[in-house]
Chemist: 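Sharing a structure, written as structure tokens. Questions coming.
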Amino acid sequence: NEVRKIIGLNVVNAGGAPIVGSLTLGGMVVANFAADPASTTVIDISSSLVASKNLYLAVTVASGTASDLTTNVCSILVVQ
């Protein structure tokens, strides 16, 4: 059984307009973010998250241009 322990996340907005969105884990919102134009925004997670193939991590864009957004995740593979 393998899972990924998520340690940190950030989003990079390469565009010229703000992007507002959310981070979801298994379809449930765990954090919201607002990324200023041409900047990197760290997504604040209150504790470590654990993702697996059945409990997936995703970013949803509510406003702004999704193609301008890049998501970076730092994680550790945990094998049980």
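Nothing fancy with the numbering, it's 1 onward along the sequence.
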Chemist: Should side-chain heavy atoms under 4.5 Å link Ile, Leu, Val, Met, Phe, Trp and Tyr, which residues sit in the same cluster as Val42?
Modeler: none

Chemist: According to side chain to side chain donor-acceptor pair (under 3.5 Å), who are the partners of Asp36, at least two apart in sequence or on a separate chain?
Modeler: none

Chemist: For the residue pair Pro18 and Pro37, what are the closest heavy atoms and their distance?
Modeler: N-CG, 3.7 Å

Chemist: If you link ILVMFWY side chains whenever their heavy atoms are less than 4.5 Å apart, which other residues fall into the same cluster as Val20? By chain and number, please.
Modeler: none

Chemist: Find out whether Asn13 and Thr41 are in side-chain contact, i.e. whether some heavy atom of one side chain is under 4.5 Å from a heavy atom of the other.
Modeler: no

Chemist: Ser75: what forms a side chain to side chain donor-acceptor pair (under 3.5 Å) with it, not counting sequence neighbours?
Modeler: Arg4

Chemist: Between OG1 of Thr24 and CG of Asn32, what distance do you get to the nearest 0.5 Å?
Modeler: 10.5 Å

Chemist: Output the rest of the hydrophobic cluster of Phe33: all Ile, Leu, Val, Met, Phe, Trp and Tyr residues reachable through side-chain heavy-atom contacts under 4.5 Å, sorted by chain and number.
Modeler: Ile6, Leu9, Val11, Ile19, Leu23, Leu25, Val30, Ile43, Ile45, Leu49, Leu55, Leu57, Val59, Val61, Leu69, Val73

Chemist: Going by side chain to side chain contact (heavy atoms under 4.5 Å, CB included), name the residues that satisfy it together with Ala17, two or more places apart in sequence or in a different chain.
Modeler: none

